[in-house]
Amino acid sequence: MAHSHKAKHYTGLMDWLTTVDHKKIGILYLIAGGLFFLMGGVEAILIRIQLLYPDQKIFIGDTFNALTTMHGTTMIFFAAMPIIFAFMNAVVPLQIGARDVAFPFVNALGFWLFFFGGVMLNTSWFLGGAPAAGWTAYSPLASIVDPTISYHGVDFYVLGLQIAGLGTLIGGINFLVTIINMRAPGMTYMRMPLFTWTAFITSALILFAFPAITVGLVELMFDRLFGGAFFDVAKGGNAVLWEHLFWIFGHPEVYILILPAFGIISEIVSTFSKKRLFGYSSMVFATALIGFLGFMVWVHHMFTTGIGPVGNAIFSIATMAIAVPTGVKIFNWLFTLWGGQIRFTTANIFATAFIPTFVMGGTTGVMLAVPAADFQYHDTYFVVAHFHYVIVGGLVLGLFAGAYYWWPKMFGRMLNETLGKIHFWTFFIGFHMTFFPQHFLGLMGMPRRVFTYQPGVGLEEGNFISTIGAFLMGIGTIVFLINTISTARLPKNAPADPWDGRTLEWAIPSPPPEYNFKQTPLVRGLDPLWKEKMAGNKEMTPAEPIGSIHMPSPSILPLIFSIGFFIAGFGFMYHTYVVSVIGIAIMLLCMLLRSVYDDHGYHIEPEELNDKGVKA
Amino acid sequence: MNRWQNLWRFIPLFGLMMMLLTGCGHDTISALKPRGPVARDQLFLMKLSLGIMILVVVVVFAIYVYVLIRFRKKKGDKDIIPKQVEGSHTLEIIWTVVPILLLLILAVPTVSYTVKLSENHINDKDAVHVKVTAHQFWWQFEYPELGIATAQDLVIPAGKKIAFEITSADVLHAFWIPSLGGKQDTNVGMTNVFYLEADDADTFMGKCAELCGASHALMDFKVVSKTEADFNKWVEKMKTPATIPADAKNGEQIFKDNCLSCHAVNAQGLGFGPNLNGFASREMVAGILPHDDESIKKWIKDPQSVKPGNKMPQIPLQDNQINDLVKYLDSLK
Amino acid sequence: MSSQQHTSSAGNRHKLEGPKNHYLSYIVSILLTMIAFAAVLYGGLDRAFLLWFLSGLGVVQVLFQLAYWMHMKDRGHLFPIVGLIFGAIVALTAVAAGVFWTWW
Amino acid sequence: MSAHHGVGGALPPHAETATLEGKNKVMGFWLFLGGECVLFGTLFASFIALRNQVPDGPTGQEIFQLGTVALSTFILLTSSLTSVFATMALHRNQLSKLLLWMGITVLLGLCFLGLEVYEFTEYVHEGHVFSKSAFATSFYTLVGFHGAHVAFGVLWITLLILSSLKKGLTVVTAPKFYVAGLYWHFIDVVWVFIFTVVYLMGKVGP
Ligand code: HEA
Ligand code: HEA
Ligand code: CUA
Ligand SMILES: [Cu+2]
């Protein structure tokens, strides 16, 4: 083709800083998210150490509140979300037979914004103290500005989340468009693998939920930094407004987290029982329904706010309704396993362990949805137990399952199964030890976010077991780290299709070449690879002749743009607007460069394809 | 069918869970040991919903265990290709309809109790009306009809509805007495209304259940439930100013000079700090220290070491002045 | 793939896109706006009626603009329409919350 | 996949969606607008919740100048029409007309911004400052967000005009113009809600 500019090719670190390849971005998300998961985990361990015995004095007062706040915020926004994005990046384009995502540049930008948002939040530990108003940042507590201006706390939360949230939002749009427009021929909506479906719905939820938190954060920022009065009662503001804005976002957010895990489980359970997913169309429908209903239930976090019995009752019923489509999923998984030939690889152990654990968390969720009873549960360890059952026992088990499942595809190396099983059992037992007793702690009168509790009222045993369990989970995670690091030093050994897979990602080498598919595959049904294998074919039928492949060029602009935003954020925080202007100027400059110089990309010619297929 | 027999094995588990639930915790703070009608209603809802949930969990676990054991690939099994089942309408209808039915069973009492427990008894002649104001990190209680105000210890008559009007002076808190019933948030600039009732005379523990700052964990209070006669006596005592013995006069002066700006010591006084009228008969000092002279001294000497971030400053006083103060405070019966 | 839908609707869209339609929707917009301003300035109207009336005029105008100026009435706009409607639903529930529950 | 470049002057009939990149861009932009609906929806929600919260200081009823608002509305509506003309020129592959109409749109946008700045300074003189009351804060945030969108649009379209003076109309620039047109309409739609809910209903009073 005429415009085959020879693209700049970077190596080493520069390659990672400038990459726009969705597979590399997936790895970046996984590593960054993994590091934040360790941070959040260490914070959790410190919380549990303080609560080991009553009346301990290790982390008290706002230090403890900062640990709690940072643990929740880090885990939700900077560990769980990015690891989900890691798998979406690594897998979705492959599953739909695409060479790339719709907006590779935007994809990289999304990653760097998330990353610098997370860095910004965590610099708070060194710059006067971390935010300590809870991950929910309820105003007026979150609006209190330290008169000496040496403690910026919630400013870090506001700006860090704002930056990262923008990254997530554009990431969501990217995946929506990718899935709408980039599917291979024959990949109709009702043939998409379930993980792609959940990625699709999750992206839609991101698109419609994140603007709400953006506005909430802007308002909080205006109040804190520019003397605004949104939540300032003395000037007519209203603190309940923040609760609404936060939860209009916050509840969909929990489904943003769990839906991709549902997708992962669907893939794994079906692969390792060698059966197609039971009730595929009802699974798709249930996913969409959960996503839709997810926007109609936010008030269940506010039953005790004083909304009144009518509002409480309506939102209670709406909340309970979500149990129905979720149940459909649970039973479909069980009946996918039914009659199959189940292989217990580590991935499948995690996936099958997800099912009962998540059901326990989901059912306590329905208990919480009963307003009059929630008056007792709310803001106690019962709620903490509920959401760790769905998040750790659901999402995190799902993510570990996905990690074991897709690791060969992402890194070209098989993880060690024995270490995997040790990881599973320590983590799983530790998990139940940590969070099962917390149900009772809550009912026995222990509020959440407390740095100590009274001795002699029956709370000691539960807290003690809980802390031991947390350590076990830590050990499990360390085993996983050992597993990944030790295999990383071995040569690549993963075959293209290690698990006898069913979907398109297993039709290409592990790790895939940069252009994914030499020829776009033709999809002839659900579980396309399985279909071809059953028909006796070794590989997918191509939908096009071999030809030159267009690739986007790498770019450093996403990184620079995000750094600009980061700098601007600090400028606002310290009211040194010169710095903000510099930061914004950097951002505008990046935008200008991007729009003036069109990216023509480069082409990989047919003759290069064969030898390129080998290396990553 | 044979496999449903598995279900019966879980019945003991069901019973065990229920027993566990009703036997848990200390009887002045556990939501599982209700000491008033509201908490009892709520425990009923909890048990009802828990029962339904256990049913669900048992069914899921039973199928799960069966499937995993029956269909696992055993050593030496030949690789087979199982039948690729697409789905089953009958089954799918069953597991859509049955949960809907279960939820309907739950929904009806949910709605009726939600309405019942949010009744407004403020203008009820038989109810005792209490205005609660939450502060970082203490509680203020006013009895508008009785013309008295107190702090930290909420004194109520047993067997009567207590109609609460709750609000906050600074940030959000939540007012929670687990033994008597569920919590409500105290919002700034708004009031929430609800009611509780205690069966008998006892002292219950109260908690702040919304993150409100550094000492959120220590924002405890006591609920002293008295017989009606005792309650009336208490009201009278609160209205009569305490007689200050001669050896406490010194302390009274120190108090007037240093403390009165924040602490009122009369029946109705409100201030920046808790009203200390009747302080000597309170269960605790500052809500968390046991009530004795040592604690009072410790508190006055360095309030921040007891409750980090609380709003009472450290007042520079000599040890003997503090001793005098304690004598004075001890006389505020 | 949706690409097919797109190309097939392309022909239709061209025909509809005469300037006449655009003048029309412009004039309608201006008229609706003038009515709204006039209703407020006139002042003699019942307050509740006025509020409903204004909301009605606003909604009509927005629908008009979406249909004609943003081509929402054309085929091949399935996802944009779903996207906007869903966004609007979420926005409306948010507004409802603002109206009803912030000050109950 | 598809050719990503226009070949000289001959553009396909719907240049903005002629390539996969263009199609993606238009689709992505529509979805973005869906998100913007929620953004403005929540801003409106905040404003509506706080519109009567004026403990001391001027109310909307006291200060709003309907004349200025009417003029702004007229300008913005007209600019929407001119941006439609630009899109039509785009579809007919007439670069100079496209640039002319886009240029007029930008000028009208600038007039609108000028009026808004004038209006805000007037209000500030009357003591209606940002931190005066919850009403004031939410008013400036909502209307200011819209204003910022206009300002961004003006900047963006100007850049587009400048860069296509050099690049001409291709399947790369066409989607950008198309999308900019959509954006401009969206701004206009939001303004319809603003003048209705904020100004007119504000004038009606609580
Ligand atoms: C991944 C995250 C996730 C998920 C999936 C869920 C799922 C659910 N959650 Fe949870 N929730 C959180 C994360 C999550 N939650 C978090 C983080 C908080 C606390 C936030 C904070 O305050 O910090 C919270 C808090 C929270 C509350 C507020 C409690 C309070 O603060 O007082 C409520 C109340 O209704 C609730 C309900 C539910 C319900 C009904 C579901 C349902 O979706 C569950 C549905 C699933 C099932 C029910 C199981 C499977 C179904 C069957 C087997 C069918 C048959 C079942 C029946 C008939 C019941 N959640
Ligand atoms: C994705 C979300 C997520 C995840 C995964 C977790 C995981 C864990 N959480 Fe979670 N938690 C939340 C989200 C999450 N949490 C939220 C939202 C809150 C509410 C916050 C608020 O109130 O505002 C909360 C609150 C919360 C509390 C209540 C705090 C309070 O109310 O005061 C507790 C207490 O036990 C707790 C414990 C744990 C534990 C033990 C884990 C464990 O599963 C963690 C396991 C992981 C590890 C243990 C890491 C292992 C690593 C190492 C051991 C270090 C190795 C180090 C190097 C190599 C450098 N969490
Ligand atoms: Cu008051 Cu927590
Ligand atoms: Cu929720």
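Protein chains get the first letters and strands the later ones, always in sequence-line order, with residue 1 at the start of each. Owing to the predicted nature of the structure, the values given are computational and were not obtained by experimental measurement.
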**Q** Measure from the ring center of B/W176 to the ring center of A/F375 and say whether it is less than 6.0 Å.
**A**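 Between B/W176 and A/F375, the centre distance exceeds or equals 6.0 Å.
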**Q** Which bit of B/L117 is near chain A, if near means a heavy-atom gap under 4.5 Å: side chain, backbone, both or neither?
**A**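 When you check distances to chain A, only side chain atoms of B/L117 fall under 4.5 Å.
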**Q** B/K183 versus A/T380: any side-chain heavy-atom pair under 4.5 Å?
**A**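 Yes - at least one pair of side-chain heavy atoms lies under 4.5 Å apart.
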**Q** Quick one: of B/D27, B/L68, B/T96, B/V57, who has the most non-hydrogen atom pairs under 4.5 Å with chain A?
**A**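 When all of B/D27, B/L68, B/T96, B/V57 are compared, B/L68 has the most.
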**Q** Kindly give the heavy-atom pair with the smallest separation between B/E92 and A/S282, and that separation in Å.
**A**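 Scanning both residues completely, I find the closest heavy atoms to be OE1-OG, 2.9 Å.
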**Q** For atom NZ of B/K73, decide whether the heavy atoms of other residues, nucleotides or ligands shown that lie under 6.0 angstrom number more than 12.
**A**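 Count over threshold, so yes.
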**Q** Tell me, side chain or backbone of B/K207 under 4.5 Å from chain A's heavy atoms, or both, or neither?
**A**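 Side chain of B/K207 only, per the 4.5 Å heavy-atom cut-off to chain A.
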**Q** Contact part of B/I288 toward chain A, heavy-atom cut-off under 4.5 Å: side chain, backbone, both or neither?
**A**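 Interface part for B/I288: neither.
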**Q** Select, from A/G61, A/G442, A/G362, the one with the greatest count of heavy-atom pairs under 4.5 Å involving chain B.
**A**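 Most heavy-atom pairs under 4.5 Å with chain B: A/G61.
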**Q** In terms of heavy-atom pairs under 4.5 Å with chain A, which of B/T114, B/L106, B/I81, B/V193 leads?
**A**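 That would be B/T114.
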**Q** Which heavy atom of A/Q341 sits nearest a heavy atom of B/D77, and at what distance?
**A**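 So the two residues come closest at NE2-CB, 4.0 Å.
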**Q** Please flag which part of B/A107 lies under 4.5 Å from any non-hydrogen atom of chain A: side chain, backbone, both or neither.
**A**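 For B/A107, the contact with chain A is made by backbone and side chain together.
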**Q** Between B/N192 and A/T305 (side chain of the first, backbone of the second, donor and acceptor by atom type, cut-off under 3.5 Å), is there such a pair?
**A**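 Indeed, once roles are kept as given, a pair shorter than 3.5 Å links the two residues.
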**Q** Should B/I63 and A/F331 count as side-chain neighbours, where that means a heavy-atom distance under 4.5 Å?
**A**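 B/I63 vs A/F331: side chains touch.
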**Q** Using distance only, find each side-chain donor-acceptor pair of residues 49-56 of chain B under 3.5 Å and give its atom names and separation, not counting sequence neighbours.
**A**
from	atom 1	to	atom 2	distance (Å)
B/S49	OG	B/L45	O	2.9
B/S49	OG	B/M46	O	3.0

**Q** Looking at A/I317, A/T352, A/T68, A/L441, which one has more heavy-atom pairs under 4.5 Å with chain B than the rest?
**A**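 Most pairs with chain B among the choices: A/T352.
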**Q** Can you say whether B/L102 sits under 4.5 Å from chain A via the side chain, the backbone, both, or neither, judging by heavy atoms?
**A**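 The answer is neither part of B/L102.
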**Q** Are side-chain heavy atoms of A/M320 and B/L103 found at a separation under 4.5 Å?
**A**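 Yes; the side chains approach each other to less than 4.5 Å.
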**Q** Do the side chain of B/Q84 and the main chain of A/K274 share a donor and acceptor less than 3.5 angstrom apart?
**A**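 A pair under 3.5 Å: yes.
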**Q** Looking only at heavy atoms and a cut-off of under 4.5 Å, which of B/K74, B/Q136, B/K116, B/E86 has the most pairs with chain A?
**A**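 The candidate making the most pairs under 4.5 Å is B/E86.
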**Q** I need the residue from B/V115, B/V111, B/L172 with the largest number of non-hydrogen atom pairs under 4.5 Å to chain A.
**A**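 The candidate making the most pairs under 4.5 Å is B/L172.
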**Q** Is the shortest side-chain heavy-atom distance between B/R72 and A/F344 below 4.5 Å?
**A**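 Heavy-atom side-chain distance check passes, below 4.5 Å.
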**Q** Any side-chain heavy-atom pair from B/I29 and A/M444 closer than 4.5 angstrom?
**A**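 B/I29 does not reach A/M444 side chain to side chain.
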**Q** Dump the intermediate steps for ring-ring contact (aromatic ring centres under 6.0 Å, His included) on A/F335 and B/W95, then the final yes or no.
**A** CA-CA 12 Å; A/F335 279 80; B/W95 61 59; 5.1 Å; yes
**Q** Using non-hydrogen atoms only, which part of B/M205 is less than 4.5 Å away from chain A: side chain, backbone, both, or neither?
**A**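 Answer is side chain: those atoms of B/M205 sit under 4.5 Å from chain A.
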**Q** Quick one: which of A/R276, A/K57, A/M360 has the most heavy-atom pairs under 4.5 Å with chain B, could you say?
**A**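 Ranked by contacts with chain B, first place is A/R276.
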**Q** Using heavy-atom distances under 4.5 Å, tell me whether A/M302 contacts chain B through its side chain, its backbone, both, or neither.
**A**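 The answer is neither part of A/M302.
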**Q** Please assess A/T304 against B/Q184 for the test side-chain hydrogen bond (donor to acceptor under 3.5 Å, both in side chains), listing each intermediate value before the final yes or no.
**A** CA-CA 5 Å; A/T304 63; B/Q184 289 286 311; over 6 Å; no
**Q** Is any side-chain heavy atom of A/T452 less than 4.5 Å from a side-chain heavy atom of B/L218?
**A**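 Heavy-atom side-chain distance check passes, below 4.5 Å.
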**Q** Return yes when atom CD of B/Q304 has more than 12 non-hydrogen atoms of other residues, nucleotides or ligands closer than 6.0 Å, and no otherwise.
**A**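 Enclosed.
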**Q** Which heavy-atom pair separates A/G445 from B/P178 by the least distance, and what is that distance?
**A**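 Nearest pair, atom of A/G445 first, then B/P178: CA-CG, 4.3 Å.
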**Q** What part of B/D170 gets closer than 4.5 Å to chain A, counting heavy atoms only: side chain, backbone, both or neither?
**A**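 The answer is the backbone of B/D170.
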**Q** Picking from A/P371, A/A323, A/G134, A/A313, which has the most non-hydrogen pairs under 4.5 angstrom with chain B?
**A**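 Most pairs with chain B among the choices: A/P371.
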**Q** Under a 4.5 Å cutoff for heavy-atom pairs, which residue among B/P308, B/A209, B/C208 has the most contacts with chain A?
**A**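 Among B/P308, B/A209, B/C208, the one with the most close pairs to chain A is B/A209.
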**Q** Of the non-hydrogen atoms in B/V171 and A/P140, which two are nearest, and what is the gap between them?
**A**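 Smallest interatomic distance, heavy atoms only, reads CA-CG, 4.0 Å.
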**Q** Go through A/G340, A/A239, A/S281, A/S139 and name the one with the most non-hydrogen pairs under 4.5 angstrom from chain B.
**A**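 Among A/G340, A/A239, A/S281, A/S139, the one with the most close pairs to chain B is A/G340.
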**Q** How close do B/P99 and A/V324 get, heavy atom to heavy atom, and via which atoms?
**A**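 Closest approach of B/P99 to A/V324: CB-CG2, 4.4 Å.
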**Q** Is the closest side-chain heavy-atom distance between B/K83 and A/K275 below 4.5 Å?
**A**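 No, every pair of side-chain atoms sits at 4.5 Å or beyond.
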**Q** Report yes if some heavy atom in the side chain of B/S88 is under 4.5 Å from a heavy atom in the side chain of A/F278; otherwise report no.
**A**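 A side-chain contact exists here, since the closest heavy-atom pair is under 4.5 Å.
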**Q** Please classify the contact between A/E243 and chain B as side chain, backbone, both or neither, with a heavy-atom cut-off of under 4.5 Å.
**A**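 Just its side chain gets close to chain B.
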**Q** At a 4.5 Å cut-off on heavy atoms, which part of A/D527 comes close to chain B: side chain, backbone, both, or neither?
**A**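 Neither the backbone nor the side chain of A/D527 comes within 4.5 Å of chain B.
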**Q** Look only at the side chain of A/N65 and the backbone of B/G213, and say whether a donor-acceptor pair between them is shorter than 3.5 Å.
**A**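 Checked: pair present.
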**Q** Please name the pair of heavy atoms, one in A/S273 and one in B/P82, separated by the smallest distance, quoted to 0.1 Å.
**A**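 What the structure gives for the nearest pair is O-CG, 3.6 Å.
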**Q** Give a yes or no on whether the backbone of B/A31 and the side-chain of A/Q376 come within a donor-acceptor separation of less than 3.5 Å.
**A**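 Between the backbone of B/A31 and the side chain of A/Q376 there is no qualifying donor-acceptor contact (under 3.5 Å).
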**Q** Which residue out of A/G458, A/S316, A/A372, A/A321 racks up the most heavy-atom pairs below 4.5 Å with chain B?
**A**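 Of A/G458, A/S316, A/A372, A/A321, A/A372 has the most heavy-atom pairs under 4.5 Å with chain B.
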